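Down below is the structure, laid out as structure tokens.
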Amino acid sequence: MTEAVEKRAIAFIRTIGNRCMSCLHRSEERCRNCISSWANSILRDYDSETTPQPDYSLSARMVMIADALDKAGRPLFASEIDLKNLCTKQLKRWTLQKMMRLGFVRRSKTCCTAHLYRYSLVRSKPFPVSAGQSKK
């Protein structure tokens with residue numbers, strides 16, 4: 001099935017599913033045999049398969065941080081590391097601390113304040129896998 005045919009088929013199924021919104025005969029017995037209910041069930045399954053779920057795991061956050069630091073090529077403040085709304089500031093801080101304990105990242109104080117740190121990758125310890133590298 002080509003992409004164009006798939007889009008047309010989904011649009012057709014959505015048209016049938018939208019009839020359910022204006023139905024005045026909603027009841028469990030009628031909806032069980034209704035094609036609009038069946039179409040909505042198909043659409044829910046299709047949407048759950050085609051919409052990628054974000055990976056919230058520690059390893060995914062570590063890879064994103066390592067890639068951001070590697071791409072920048074210079075030490076970054078935590079606020080400069082964008083995790084694309086994947087986690088809170090506190091979770092990013094915990095992830096950075098975990099990476100420091102594992103020896104993947106180091107931090108250095110800035111001269112102006114005691115609470116601002118710049119993070120950089122430790123080059124002597126290679127990061128296991130990053131999104132920018134291919135597995136061999």
Side-chain angles (χ1 to χ4, degrees):
M1 178 182 296
T2 65
E3 187 176 339
V5 173
E6 180 182 359
K7 285 183 179 180
R8 287 176 45 216
I10 294 300
F12 177 72
I13 294 171
R14 282 194 202 286
T15 303
I16 294 171
N18 286 339
R19 292 181 184 173
C20 194
M21 302 300 265
S22 60
C23 180
L24 301 175
H25 304 288
R26 283 190 180 186
S27 68
E28 191 173 324
E29 300 128 16
R30 289 187 184 209
C31 289
R32 186 178 314 129
N33 298 324
C34 178
I35 62 169
S36 294
S37 175
W38 185 24
N40 285 328
S41 173
I42 292 170
L43 287 171
R44 276 191 301 274
D45 292 343
Y46 177 78
D47 288 340
S48 69
E49 288 178 7
T50 57
T51 306
Q53 297 298 320
D55 187 1
Y56 296 108
S57 67
L58 172 65
S59 59
R61 292 191 311 269
M62 289 172 64
V63 167
M64 290 179 74
I65 289 171
D67 285 344
L69 291 171
D70 190 42
K71 185 178 179 182
R74 63 176 178 84
L76 296 175
F77 290 110
S79 61
E80 295 176 311
I81 301 171
D82 183 24
L83 292 186
K84 298 182 179 98
N85 300 325
L86 185 68
C87 64
T88 63
K89 290 178 184 180
Q90 181 67 44
L91 189 55
K92 180 172 33 172
R93 182 173 163 252
W94 289 339
T95 306
L96 284 165
Q97 288 176 343
K98 175 76 170 182
M99 291 176 77
M100 285 188 312
R101 281 193 304 272
L102 293 173
F104 296 125
V105 170
R106 78 170 59 99
R107 75 178 183 186
S108 58
K109 271 188 185 178
T110 58
C111 61
C112 54
T113 66
H115 299 291
L116 289 177
Y117 297 98
R118 291 186 189 267
Y119 295 90
S120 60
L121 285 176
V122 176
R123 297 292 177 190
S124 62
K125 186 165 187 175
F127 197 72
V129 176
S130 69
Q133 300 172 348
S134 61
K135 294 180 184 178
K136 292 183 180 179

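Just so it is clear, the model here is predicted, and its values are computed rather than measured.
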Checklist line | Partner set under salt bridge (charged side-chain N to carboxylate O under 4.0 Å, His left out) for R101, not counting sequence neighbours | finding: none
Note to self: Which residues pass the side chain to side chain donor-acceptor pair (under 3.5 Å) test with Q97, not counting sequence neighbours?
What the structure shows: none
Next item on the list: Check which hydrophobic residues are tied to L24 through side-chain heavy-atom contacts below 4.5 Å, counting indirect links as well, and list them.
Entry: none
Donor-acceptor pairs under 3.5 angstrom involving side-chain atoms of residues 33-40: please list them, not counting sequence neighbours.
residue	atom	partner	partner atom	Å
S36	OG	I16	O	2.9
S37	OG	C31	O	3.3
N40	ND2	G17	O	3.3
N40	ND2	S36	O	3.3

Notebook entry, point to check: Of all residues at least two apart in sequence or in a different chain, which pass the side chain to side chain donor-acceptor pair (under 3.5 Å) check with D55?
Noted result: S57
Next item on the list: Please name all residues satisfying salt bridge (charged side-chain N to carboxylate O under 4.0 Å, His left out) with R26, sequence neighbours left out, ordered by chain then number.
Entry: none
Checklist line | Contacts of type side-chain contact (heavy atoms from CB on, under 4.5 Å), residue S22, not counting sequence neighbours | finding: none
Check: side chain to side chain donor-acceptor pair (under 3.5 Å) with R30: which residues, sequence neighbours excluded?
Finding: H25
Check: E80: what forms a salt bridge (charged side-chain N to carboxylate O under 4.0 Å, His left out) with it, not counting sequence neighbours?
Finding: R74
Next item on the list: Search all heavy atoms of T95 against all heavy atoms of L91 and return the closest pair with its distance.
Entry: OG1-O, 2.8 Å
Identify every side-chain donor-acceptor pair in residues 7-15 under 3.5 Å, counting partners at least two apart or on other chains, and give the distances.
residue	atom	partner	partner atom	Å
R14	NH2	D47	OD1	3.4
T15	OG1	A11	O	2.9

Note to self: Among residues at least two apart in sequence or on other chains, which ones pass side-chain contact (heavy atoms from CB on, under 4.5 Å) with A68?
What the structure shows: I81
Notebook entry, point to check: Pairs in or reaching into residues 16-25: which pass salt bridge (charged side-chain N to carboxylate O under 4.0 Å, His left out), with residues at least two apart or in two chains?
Noted result: none
